[in-house]
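Lettering of chains follows the sequences in order, A, B, ..., and the numbering in each one begins at 1. Excluded from the calculations below are hydrogen atoms, water molecules and symmetry mates; all remaining heavy atoms, backbone and side chain alike, are included.
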Amino acid sequence: MKPVLRFLPFVSLLFFSSCDSLFLYNPNQVTLHNGESNLNARNVAALVSQPPPDTLRFILMGDSQRWYDESEEFVKSANKHRDISFVLHAGDISDFGLSQEFKWVNRILSKLHVPYMTVIGNHDIVANGPDAYRKMFGPMNYSFEYGSHKFIFINTNSREYAFDGTVPDVNWLRKELADNPENKDMIVIAHIPPYDNDFDKNLEKEYGELLGNNPNVHMSLYGHQHSFNDGEYYKDGVRYVVTTSMGARGYLKIKVWKGGQEVERINF
Amino acid sequence: MNVLIFKEMSKYLLLILASLSFAAEAQEGPKAKRWYLPDHMKLQFAGGTGFLSGGPGYNSRNKKLETDFLFGYLPEEFGGDALITITGKTTYSPWRVALKNDYYLAPVSIGMYLSYTFGPQFDSKWPAYYPKGYYWWATAFRPGIYAGGKIGREVTMHSRRRGLELYYEIGTYDLMLISYVQNTGFLTPGDILNLAIGLKFAF
């Protein structure tokens, strides 16, 4: 009896102090608490309630998958930049596509002084990931406008759909790029760059041309490769910029203004 | 909670109770218990194997080792997705302390399980369009470990010994464990552990 009595208070303390949820029904369950749904739209609303500066500064980070300690370090580093308006997560929020992982990353990134928006990565599509992403962050393809820029987020994780020609949804992208009455500069953000092996080879040309032939697209942002990359890949006036992973402890600080952009690599 | 959930859950409960009484009835015959008949049935709440899971189980001769097969169900109302899971688990309870009035306590149990969740979104073998080793884990199978304890009572009914036990298990599973060991700064044990509560009917 005695060892039990000693053990019980410890057990109850463990639980009532710091747990997300006491009961787990299935690792693949998608049960959200208050404030854990529709995060992209909510964070966009928080952003656009602030007047846009002429020169916009933001951070591009990505691949937080199973690097929670490093992601916390990232937040500390990012919060030192007082001039940024928002943070973009380039996908692979989770490693196993579990809603529990999305919640942990949200717990970390909600400590940022600015709102953050995400694009879906291939690891976020594993198991019940698509359902969890939709409920927690919102649609996989979406866009918002802020100041003189339009930001377009698109699912480019073709391999997860067996390269069936549906991902990325180039018809949706064409419509989004065409819907630009004020001729804003447009930035397309996705997880997998079009020249990567995990991008549908049958859609690469069409995707690249949609960006390259549009006079308002000068830059496109990605993650996935766990290393920095930067270049005018198709020699068509569009700069393809890739950020590294949280595991590699790096991110990009990007400055944009009408017709121009500057990219700075930062390690933390 | 709405009425529909209760209807669904009570249907499920009835099914388990029916199979339980069938197993019990099968033993009422004049012959000794046949080897393939289960020693007990368990009904468990939570623990990663469903909202409710239940099924037959077997004891070792010294009753320290139990092996169970659970059929689990998670309704969409509680899980965001309706999921069916089958689980094999084995539990070792080395000590048994006799208490008053035929009650007893097994202060420590340890165990492990392997569950399989059904659904087209879960894979036991990754499809051919992935390069070898692209993802290293199977999403349909989930192994886990747990520790807990139980309290029980044995009664003799119609010259047959029957037992009822209440148990708890605190556990986690592979993907949480690996997340924890690599992130001991951000994650605490409370982040990866979960609680299961269950009943065991022995006959």
Side-chain angles (χ1 to χ4, degrees), chain A residues 1-5 7-8 11 13-32 65-73 94-101 103-104 107-108 122-123 125-132 135 158-164 197-198 247, chain B residues 45-53 72-75 78-81 83 85 97 99 105 107-108 115 117 119 121-123 127-131 134-135 137 139-140 142 144 148-149 168 170-173 175-176 178-180 182-197:
Chain A
M1 275 304 275
K2 269 178 194 162
V4 189
L5 291 175
F7 187 55
L8 275 175
V11 169
L13 197 80
L14 194 72
F15 269 108
F16 297 113
S17 58
S18 70
C19 68
D20 212 77
S21 48
L22 185 56
F23 299 109
L24 174 80
Y25 305 133
N26 189 295
N28 299 290
Q29 70 190 35
V30 185
T31 50
L32 305 178
Q65 45 186 133
R66 221 194 318 143
W67 282 307
Y68 305 108
D69 285 358
E70 292 82 356
S71 297
E72 276 198 310
E73 295 291 316
S94 69
D95 203 27
F96 308 118
L98 303 173
S99 60
Q100 179 63 75
E101 299 179 285
K103 290 177 184 186
W104 286 339
R107 202 160 95 196
I108 293 167
N122 56 300
H123 280 258
I125 293 173
V126 166
N128 259 357
D131 187 34
K135 285 174 182 163
S158 316
R159 189 182 295 278
E160 304 307 313
Y161 301 85
F163 301 112
D164 66 358
N197 281 334
D198 294 326
Chain B
F45 169 69
T49 57
F51 180 81
L52 279 180
S53 57
Y73 183 59
L74 172 59
F78 297 124
D81 188 17
L83 296 169
T85 303
V97 185
L99 306 174
L105 182 84
V108 176
S115 71
T117 299
Q121 71 271 48
F122 307 119
D123 294 293
Y129 52 79
Y130 290 102
Y134 194 80
Y135 298 124
W137 69 102
T139 51
R142 254 337 14 99
Y168 79 94
I170 293 166
T172 187
Y173 58 95
L175 305 182
M176 291 291 105
I178 189 168
S179 298
Y180 174 70
Q182 294 179 332
N183 296 278
T184 49
F186 172 66
L187 293 175
T188 64
D191 284 321
I192 64 157
L193 294 173
N194 69 83
L195 176 67
I197 296 170

So which part of [X] gets closer than 4.5 Å to some heavy atom of chain A, the side chain, the backbone, both or neither?
X: L83(B); value: side chain
X: I178(B); value: both
X: Y134(B); value: side chain
X: T49(B); value: backbone

Heavy-atom side-chain proximity of [X] to [Y] below 4.5 angstrom:
X: M176(B); Y: P27(A); value: no
X: D81(B); Y: K135(A); value: no
X: F186(B); Y: S71(A); value: no

For chain B, which of [options] has the most heavy-atom pairs under 4.5 Å?
options: L98(A), N28(A), D131(A); result: N28(A)
options: V126(A), V30(A), N128(A); result: N128(A)
options: I125(A), D198(A), N197(A), L32(A); result: D198(A)

All side-chain hydrogen bond (donor to acceptor under 3.5 Å, both in side chains) counterparts of Y135(B), not counting sequence neighbours =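 N122(A), E160(A).
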inquiry  = On a heavy-atom basis, which atom in Q29(A) and which in L74(B) lie closest, and how many Å separate them?
reply    =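 Heavy atoms only, the tightest pair is CB-CD2, 4.1 Å.
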Can you tell me how far [atom2] of [Y] sits from [atom1] of [X], rounded to the nearest 0.5 angstrom?
X: I197(B); Y: L22(A); atom1: CD1; atom2: CG; value: 7.5 Å
X: L193(B); Y: L24(A); atom1: CG; atom2: CG; value: 11.0 Å
X: L175(B); Y: F96(A); atom1: CG; atom2: CZ; value: 4.5 Å
X: Y129(B); Y: Y161(A); atom1: OH; atom2: OH; value: 10.0 Å
X: I192(B); Y: Q100(A); atom1: CD1; atom2: CD; value: 10.0 Å
X: F23(A); Y: F78(B); atom1: CZ; atom2: CZ; value: 12.5 Å

Among A128(B), G144(B), P131(B), A196(B), residue most engaged with chain A (heavy-atom pairs, under 4.5 Å) =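 The residue among A128(B), G144(B), P131(B), A196(B) with the greatest pair count is P131(B).
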task = Report yes or no: do N26(A) and T117(B) form a side-chain donor-acceptor pair below 3.5 Å?
result =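 Yes - a donor-acceptor pair under 3.5 Å links their side chains.
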